[in-house]
Every structure is written in structure tokens, then in C-alpha cells.
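Only one structure is covered here, and it is reproduced in the block below.
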There are 2 protein chains.
Amino acid sequence: MSRQITELTEPSEWQAAFPVLRELRSHLTEESFLDRLDSMRSDGYRLFATVEEDELVAVAGVIVHTNFYYDRHAFLYDLVTTESRQSEGIGAELLAHVESWAREQGCETIVLESGLWRSDAHRFYEDRMDYEKYTYTFKKSLGSDNQSTEDG
Amino acid sequence: MSRQITELTEPSEWQAAFPVLRELRSHLTEESFLDRLDSMRSDGYRLFATVEEDELVAVAGVIVHTNFYYDRHAFLYDLVTTESRQSEGIGAELLAHVESWAREQGCETIVLESGLWRSDAHRFYEDRMDYEKYTYTFKKSLGSDNQSTEDG
């Protein structure tokens, strides 16, 4: 059985990744996926995939940023293994690959967000992959300027 | 009393902001601040400040990003009011300004991270500014490739 990790750089590859990515990002259509990907790639977003016997079984999307508290770091936006192939270590292997790539990019740290309700994912990152729970993120919908009027 | 919010775009202004920013980011030196700022500005980071009678009393640093789960959003990296001027609503006013700016940039959402231990900040964002606690961030130090050997 041949399994390898590869970077996806061509539109045909991105389209092949979409069904797997969509298992995590279920609100996306192929059109909105390609549209956002275009903008994200111009900011430096990179998409990696695990391919086994020509079948794409996992994807990971990551970008390198710098800020004042993490310095130069990798931000893992997306990591998903297709449902039928979970619990085989494929996600762990892909994440280790991304960590190694990030180290080569000169990153001090790798960071990711996981929804407060996703306790299975939290166990994966903490217990298996040696990540530390570090901050909360807070978000606010900006809507339009007169949202309160519209809602009222 | 004149108090206004302005964007800082000149090196002399960034240097003036450093003592205030450093109250939040205490590990920075002026040199590392300017060095990282240079890299962050090339990614689109913007720095705003509240100035009162020629004195800089608060700063906010923000960047516009796109990803698959927040779509186009503002990420607030830094918000700090100088200690002697806290609890006067200056931070709330500056944050409202940044939110308004983000809306003008076409952002759907504004997001920020706050360390798990910073419960005063959490109350500010949730109770006063109407933010929702949404995810945990997890981080891992990447160190060098042979860190485990060095540690062992």
C-alpha cells in the first residue's frame, strides 16, 4: 500500500480535495471554496494532502504568520481525515508533516483553533500531539452598520 | 480635552506606540518590535492609536485575513490601554473604531485571542463588547528538529 503526503498546487488537485475538506467545512460550496482559496493562497496559504492509491484521504491547510505574541508561527486552519479512514493515525501523520514543514519555514510555534464543543479534537491535539490549550478566541459578527435596526 | 483615534503609519509614530504596546507584550524590545512590525505590515497589519493632548494612551493592532471558517475577517492581535488610564472606556472606544474600520474593509466577523488566564479581559469582551467565546487555540513549540535529544 502506497501512502504519501503531497502539496496541492494545481486547480485540479484543489477540486479533488474539496469533498474531504467539506467534511469539516460543511457550509462551503465548490465555488465558495475555490473563491476563498484564491484569496488565501495570495496570502500564503498552503494545502497538503495524504494520498493513498490515488485516493485523497486527508487534507491540511496552513499559513505562516508573524505577530507579537507567537512571533513567526504556522497557523493550521484546516485538518481533516475522511470519515471512513479515521482512527488509523492518518491525521497524526499529516500533522507531523505540517509541523516539520513549519519548522523548515523558520516557525517557532504552530497554532490552531478548535471549537469549544469539539472535545474529541481537543483530546487528539492535547493527548496525542502534545499541544497546549492556550487561549480562547472571541468572535463578533460585524454585519451591517444598521444591523440592530434591521433586526428590530 | 481632545481625544482622537488615528492610524500610525510612520516609524516615529510606531516608536511612540512601543511603550504602550509593551505593557501587553512585555517580552518585546524596541528592536524586536520594529523588526516584527516590518514583517507584519508587509502582511497587512495596521496599527491604530488613541491620542489625547499629544499623549498616546491606547493602541490596537489588526489585520484582515480570509479562511474557510470565518471567511473575510479582522483578526485583532493587540489591544492595550496604558495602565494609568484604564476603566475610562478608552479601550472600548478604540475597539469600536477598529470594528467600524473592519466593516468598511468588507469583514464579516472580527476575532481575537485572549489567554485562558485573562478573566478580566474575557469579561470585557463578552459582557461589554458583545463578543462570543468561540474556540480554544492550541499551540506547540516547534523548537529545533532534535529538541528531544537536547532535552534528554
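All chains are named by letter (A, B, ...) in the order of the sequence lines, taking the proteins before the strands, and each is independently numbered beginning at 1. Heavy-atom basis, side chains included; hydrogens, waters and symmetry copies ignored.
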Same apolar cluster: [X] and [Y], side chain cutoff 4.5 Å:
X	Y	value
B/Tyr69	A/Leu28	yes
B/Ile5	B/Val98	yes
A/Phe48	A/Met129	yes
A/Val57	A/Leu95	no
B/Leu56	B/Ile90	no

Any chance you could lay out the side chain to side chain contact (heavy atoms under 4.5 Å, CB included) test for A/His122 and B/Phe138, step after step, and finish with the verdict?
CA-CA 8 Å; A/His122 304 169; B/Phe138 293 82; 3.6 Å; yes

Name, in order of residue number, those residues of residues 13-22 of chain A that have a heavy atom at a distance of less than 4.5 Å from a heavy atom in chain B; otherwise write 'none'.
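Result: A/Leu21.
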
Using non-hydrogen atoms and a limit below 4.5 Å, what part of residues 61-68 of chain A faces chain B?
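Within residues 61-68 of chain A, the residues that come under 4.5 Å of chain B (heavy atoms only) are A/His65, A/Thr66, A/Asn67, A/Phe68.
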
Contact winner vs chain B - [options], heavy-atom pairs under 4.5 Å:
options	answer
A/Ser32, A/Cys107, A/Ser114, A/Ala74	A/Ser114
A/Tyr70, A/Tyr125, A/Tyr45	A/Tyr70
A/Asp43, A/Leu76, A/Asp130	A/Asp130

What are the two closest heavy atoms between B/Glu113 and A/Thr137, and how far apart are they?
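Looking at all heavy atoms of both residues, the shortest contact is CG-CG2, 3.6 Å.
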
What part of B/Ile110 is in contact with chain A, defined as an atom under 4.5 angstrom from a non-hydrogen atom: side chain, backbone, both or neither?
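Looking at B/Ile110, backbone and side chain both touch chain A.
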
Do you know which of B/Leu24, B/Asp71, B/Asp78 has the most heavy-atom pairs with chain A at a distance under 4.5 angstrom?
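Looking at each of B/Leu24, B/Asp71, B/Asp78 in turn, B/Asp71 comes out on top.
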
Heavy-atom pairs under 4.5 Å with chain A: which of B/Leu112, B/Val111, B/Leu37 has the most?
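Most pairs with chain A among the choices: B/Leu112.
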
About how many Å separate OG of B/Ser141 and CD of A/Glu99, when rounded to the nearest 0.5 Å?
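Reported value, rounded in 0.5 Å steps: 10.5 Å.
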
Approximate separation, where rounding is to 0.5 Å, of A/Glu108 CD and B/Leu142 CG
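Reported to 0.5 Å precision, the distance equals 8.5 Å.
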
Using ring-ring contact (aromatic ring centres under 6.0 Å, His included), reason through A/Trp117 and B/Tyr134 one step at a time and then give a plain yes or no.
CA-CA 9 Å; A/Trp117 60 95; B/Tyr134 187 60; 5.6 Å; yes

Taking everything shown except A/Asp54 itself, do over 12 heavy atoms lie less than 6.0 Å from its CG?
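Atom CG in A/Asp54 is not crowded, with 12 or fewer foreign heavy atoms closer than 6.0 Å.
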
Segment of A/Phe75 engaging chain B (4.5 angstrom heavy-atom cut-off)
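Just the side chain, heavy atoms under 4.5 Å.
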
